[in-house]
Amino acid sequence: MLIGFVVNPVAGMGGAVGLKGTDGAVEEAKLRGAVPVSPGRARILLSLIVPGVHTFLTAGGPMGESLLAENGHPADVVYVPDGTETTGEDTRKACQVFTDRGCDLILFCGGDGTARDVFAVVGDTIPLLGVPSGVKMYSGIFAATPAAAADCVNRLEEAVMTDAEVMDIDESAYRDGRLAVTLTGIARSPALTGHLPSSKWATDAMHEGRAQAEIARFIIDIMRRDTLYLIGAGSTTAAVIQALGEDGTLLGIDAVFDGDIIARDLNEEGILHLLNRYPRVQAVVSPIGAQGFVLGRGTQQFSPAVVERIGPENFIVIATEAKLSRTPALYLDAGNPEISSKFPDSLQVICGYAMARRMPLIQ
């Protein structure tokens with residue numbers, strides 16, 4: 001494989017010094033005595049990758065070149081930053097060159113801000129795999145640890161391609177004690193799983209698409225004509241809309257009644273307005289982000305008022321087996337502890353046609 005490797009040298013510096021992130025706060029982090037986190041995480045990763053198997057493209061200096069060299073991985077340096085202080089723009093420029101050179105995978109070391117910069121250039125055209133080294137890692141494209149990322153790289157021929165959300169939080173709001181999560185897009189990411197047979201790189205993306213189509217077919221078959229369905233964000237829920245022959249909102253919430261979309265990209269106000277008109281309602285949602293949040297990460301349109309009106313019993317959770325294999329438990333943050341407490345301690349997740357798994361739910 002031809003792998004583009006890039007490191008955000010300042011990712012994670014704000015964590016230990018209490019800044020809850022490094023976006024726009026690098027100088028403040030340095031004044032507080034912060035030290036770089038990413039280089040150490042990258043060294044662990046690269047020390048565990050078998051040399052000589054893959055070919056690397058990278059950026060100059062601390063953005064990848066020096067780290068690859070010290071761990072015995074020859075690389076073609078295809079981008080050199082102008083100065084010693086790198087920025088998100090440098091990450092984006094490096095990834096553009098990786099894309100132009102036809103990389104099979106982009107491997108990056110950073111946090112959600114870095115994931116956002118990489119995805120801004122690549123989208124879903126090249127698989128992405130993140131090595132967690134930031135303060136916040138809500139995105140689903142991160143491996144659990146540098147060692148897990150290295151294992152995936154070493155066994156790419158066994159990897160299954162999955163859809164993974166790219167997310168970010170507003171660090172200014174986070175520093176003020178508010179969690180505002182933005183779902184930026186859906187990327188492709190390799191994953192190792194024991195729940196699916198090994199799939200070759202060329203066909204595993206088709207496997208995920210077929211799994212989503214089977215889930216969508218089942219959801220459509222059980223839809224009642226007298227019920228309003230609120231279809232949440234994500235590629236698996238988007239498959240439900242596509243199966244209806246409609247174009248939905250990949251990162252938003254659409255409303256379906258009697259097989260037709262009646263509203264797109266709804267906000268809280270729009271949902272509440274529909275709930276006043278339709279007495280029967282169900283919400284179809286899929287786990288979001290690396291932590292597997294059913295509600296509360298990237299789905300703030302399902303506000304406490306909306307969740308209370310719909311009722312916990314009327315949420316239908318869907319996810320492919322590949323995604324569930326990376327999510328040992330589901331998480332819930334309904335925005336109100338009293339409302340969250342009304343949910344059970346486990347949820348049935350539809351993972352195929354007339355197939356489901358029961359997953360633990362953590363609040």
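We use all heavy atoms of the structure for the numbers below, so side chains are in, but hydrogens, waters and symmetry mates are not.
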Can you label the angle between the Phe257 ring and the Tyr278 ring as parallel, tilted or perpendicular, going by 30° and 60°?
tilted

Which heavy-atom pair separates Ala59 from Val77 by the least distance, and what is that distance?
C-CG1, 4.1 Å

Run the numbers on Ser139 and Asp112 for side chain to side chain donor-acceptor pair (under 3.5 Å), then give the verdict.
CA-CA 6 Å; Ser139 298; Asp112 278 331; 2.7 Å; yes

N/O donor-acceptor pair under 3.5 Å between Asp265 side chain and Thr249 backbone:
no

Any chance you could measure Thr87, atom OG1, to Asp117, atom CG, to the nearest 0.5 Å?
8.5 Å

Check each of Val317, Asp345, Leu347 against Leu361 using the side chain to side chain contact (heavy atoms under 4.5 Å, CB included) test, and report the only one that passes.
Leu347

The reported gap from OG in Ser235 to CD1 in Ile186 (rounded to nearest 0.5 angstrom) is 5.0 Å

Tell me, please, which residues at least two apart from Ala69 pass side-chain contact (heavy atoms from CB on, under 4.5 Å).
none

Check whether Thr58 reaches the backbone of Phe5 with its side chain - one donor and one acceptor, N or O, closer than 3.5 Å.
yes

Test side-chain contact (heavy atoms from CB on, under 4.5 Å) applied to Thr99 - qualifying residues, sequence neighbours left out
Gln96, Val121, Val122, Ile126

Compare every heavy atom of Cys103 with every heavy atom of Ile3, then report the nearest pair and how far apart it is.
C-SG, 3.9 Å

For Ile215, what are the other residues in its hydrophobic cluster, where any two members join if their side-chain heavy atoms are less than 4.5 angstrom apart?
Phe218, Ile219, Ile220, Ile222, Met223, Tyr229, Ile231, Val240, Ile241, Leu244, Val256, Ile261, Val284, Ile316, Ile318, Ile350, Tyr353

So does Val50 get a backbone contact from the side chain of Asn154, meaning a donor-acceptor N/O pair under 3.5 Å?
yes

Working to the nearest 0.5 Å, report the span between OG1 of Thr162 and CZ of Arg188.
10.5 Å

Supply the atom-to-atom distance Phe108 CZ to Ser38 OG, rounded to the nearest 0.5 angstrom.
10.5 Å

Exercise: identify the closest heavy-atom pair between Gly232 and Thr237:
O-OG1, 2.8 Å

Modelled atom types, side-chain donor and acceptor of Thr184 and Arg116, under 3.5 Å:
no

Any donor and acceptor pair, going by atom type alone, linking the side chain of His73 with main-chain N or O of Phe56 inside 3.5 Å?
no

For the residue pair Lys323 and Pro287, what are the closest heavy atoms and their distance?
NZ-O, 2.6 Å

Shared ILVMFWY cluster between Val80 and Leu67, side chains joined below 4.5 angstrom?
no

Using a 3.5 Å distance criterion without hydrogens, assess whether the side chain of Arg101 forms a donor-acceptor pair with backbone atoms of Leu57.
no

Using 30° and 60° as the class limits, which term best fits the ring planes of Phe293 and Tyr331: parallel, tilted or perpendicular?
tilted

Tell me whether Glu269 at atom CD has more than 12 heavy atoms from other residues, nucleotides or ligands lying less than 6.0 Å away.
no

Can you measure from CD (Gln282) to CG (Leu228) and round to the nearest 0.5 angstrom?
10.0 Å

Non-hydrogen atoms of Ile44 and Pro146 that approach each other most closely
CG2-CB, 3.8 Å

Which heavy-atom pair separates Gln348 from Ala356 by the least distance, and what is that distance?
CG-CB, 3.5 Å

Measure the CD-NE2 distance between Glu268 and His273 for me, rounded to the nearest 0.5 Å.
14.0 Å

Is Lys342 paired with Glu313 through a side-chain N to carboxylate O contact shorter than 4.0 Å?
no

Say whether, by atom type as modelled, one donor and one acceptor occur between the side chain of Asn314 and the main chain of Ile310 under 3.5 angstrom.
yes

Hey, mind stepping through Leu324 and Val349 against side-chain contact (heavy atoms from CB on, under 4.5 Å) and telling me if it holds?
CA-CA 9 Å; Leu324 291 179; Val349 182; 4.0 Å; yes

Under 3.5 Å, is there a donor on one side chain and an acceptor on the other for Asp247 and Gln242?
no

